[in-house]
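Chain naming here is simple, since letters A, B, ... match the order of the sequence lines and numbering starts at 1 in each.
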Amino acid sequence: MPDKTDFFKSVYEVTRLIPKGRVTSYGSIANYIGAPRSARMVGYAMNGAGAQMPMVPAHRVVNRNGLLTGKAHFNDENDMQKLLENEGVIVKNDQIVNFKQHFWDPKEELKL
DNA sequence: GCGTTGACGAGGA
DNA sequence: GTCCTCGCCAACG
């Protein structure tokens, strides 16, 4: 019976499970952990992603639009795009190209 | 204790 | 397709 505080922990956990070269959306994560209407909390939880150990690959998490909305929260805005491109994800104008192709849904991939 | 903000998403017009 | 509104709930001032 996870406490409410485990919400953040669950977010970090799922985010770490994102395969290299794949991305997902806050809503998908929220939906997977049982908070389909609390996508904002996922983003808020990501606020401490860089403070986690090991670091949570928050750069693989974008909004449903495929837009790098959280880039501003990284050490350097270019880092997020750079990291994604380094993993094979093409980013153009702060937006992921072929987003649907790189999309990774925990509900579909992890199932259960 | 209260109002505002926010790395979002879904639904309606 | 776009634009607007509401919900969601923790953190901040």
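- Annotation: proximity of residues 64-71 of chain A to DNA chain B (heavy atom, distance under 4.0 Å) is found for A:R64, A:T69, A:G70, numbered in ascending order.
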Under 3.5 Å, which donor-acceptor pairs do the side chains of residues 46-65 of chain A form with other protein atoms, sequence neighbours left out?
from: A:Q52; atom 1: NE2; to: A:G48; atom 2: O; distance (Å): 3.0
from: A:H59; atom 1: NE2; to: A:E87; atom 2: OE2; distance (Å): 3.2
from: A:R60; atom 1: NE; to: A:E87; atom 2: OE1; distance (Å): 2.9
from: A:R60; atom 1: NE; to: A:E87; atom 2: OE2; distance (Å): 3.3
from: A:R60; atom 1: NH1; to: A:I18; atom 2: O; distance (Å): 2.7
from: A:R60; atom 1: NH2; to: A:E87; atom 2: OE2; distance (Å): 2.8
from: A:N63; atom 1: OD1; to: A:N65; atom 2: N; distance (Å): 3.3
from: A:N63; atom 1: OD1; to: A:G66; atom 2: N; distance (Å): 3.2
from: A:N63; atom 1: OD1; to: A:L67; atom 2: N; distance (Å): 2.8

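- Atom CG of residue A:L17 and atom CG of residue A:L110 lie 6.0 Å apart, to the nearest 0.5 angstrom.
- More than 12 heavy atoms of other residues, nucleotides or ligands lie within 6.0 Å of CD in A:E85, so this atom counts as buried by the packing criterion.
- Residue A:Y44 shares its hydrophobic cluster (ILVMFWY side chains chained together at separations under 4.5 Å) with no other residue.
- Contacts classified as salt bridge (charged side-chain N to carboxylate O under 4.0 Å, His left out) and involving residues 18-43 of chain A (residues at least two apart or in different chains) are not found.
- A distance-only check finds a donor-acceptor pair linking the side chain of A:S10 to the backbone of A:D6 [under 3.5 Å].
- In plain terms, the two heavy atoms of A:F7 and A:M41 that are nearest each other are CE2-CB, 3.3 Å.
- On the nucleic acid side, DNA chain B has its first and last nucleotide under 4.0 Å of a heavy atom of chain A at B:dG6 to B:dA10, going 5' to 3'.
- Applying the salt bridge (charged side-chain N to carboxylate O under 4.0 Å, His left out) test to every pair with at least one member in residues 25-34 of chain A, sequence neighbours left out, gives no pairs at all.
- Within residues 81-104 of chain A, no residue is approached by DNA chain B to less than 4.0 Å at the level of any non-hydrogen atom.
- A:S38 pairs by the side chain to side chain donor-acceptor pair (under 3.5 Å) definition with nothing, not counting sequence neighbours.
- A search for ring pair (Phe, Tyr, Trp, His ring centres under 6.0 Å) contacts involving A:Y12 returns nothing, not counting sequence neighbours.
- With sequence neighbours excluded, the residues satisfying side chain to side chain contact (heavy atoms under 4.5 Å, CB included) with A:Q101 are A:N98.
- Of all the residues in residues 36-56 of chain A, A:R37, A:S38, A:R40, A:M41, A:Y44 reach under 4.0 Å from DNA chain C with at least one non-hydrogen atom.
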Only pairs under 3.5 Å count here: list side-chain donor-acceptor contacts from residues 69-80 of chain A, not counting sequence neighbours, and write none if there are none.
from: A:K71; atom 1: NZ; to: A:D94; atom 2: OD1; distance (Å): 3.4
from: A:K71; atom 1: NZ; to: A:D94; atom 2: OD2; distance (Å): 2.5

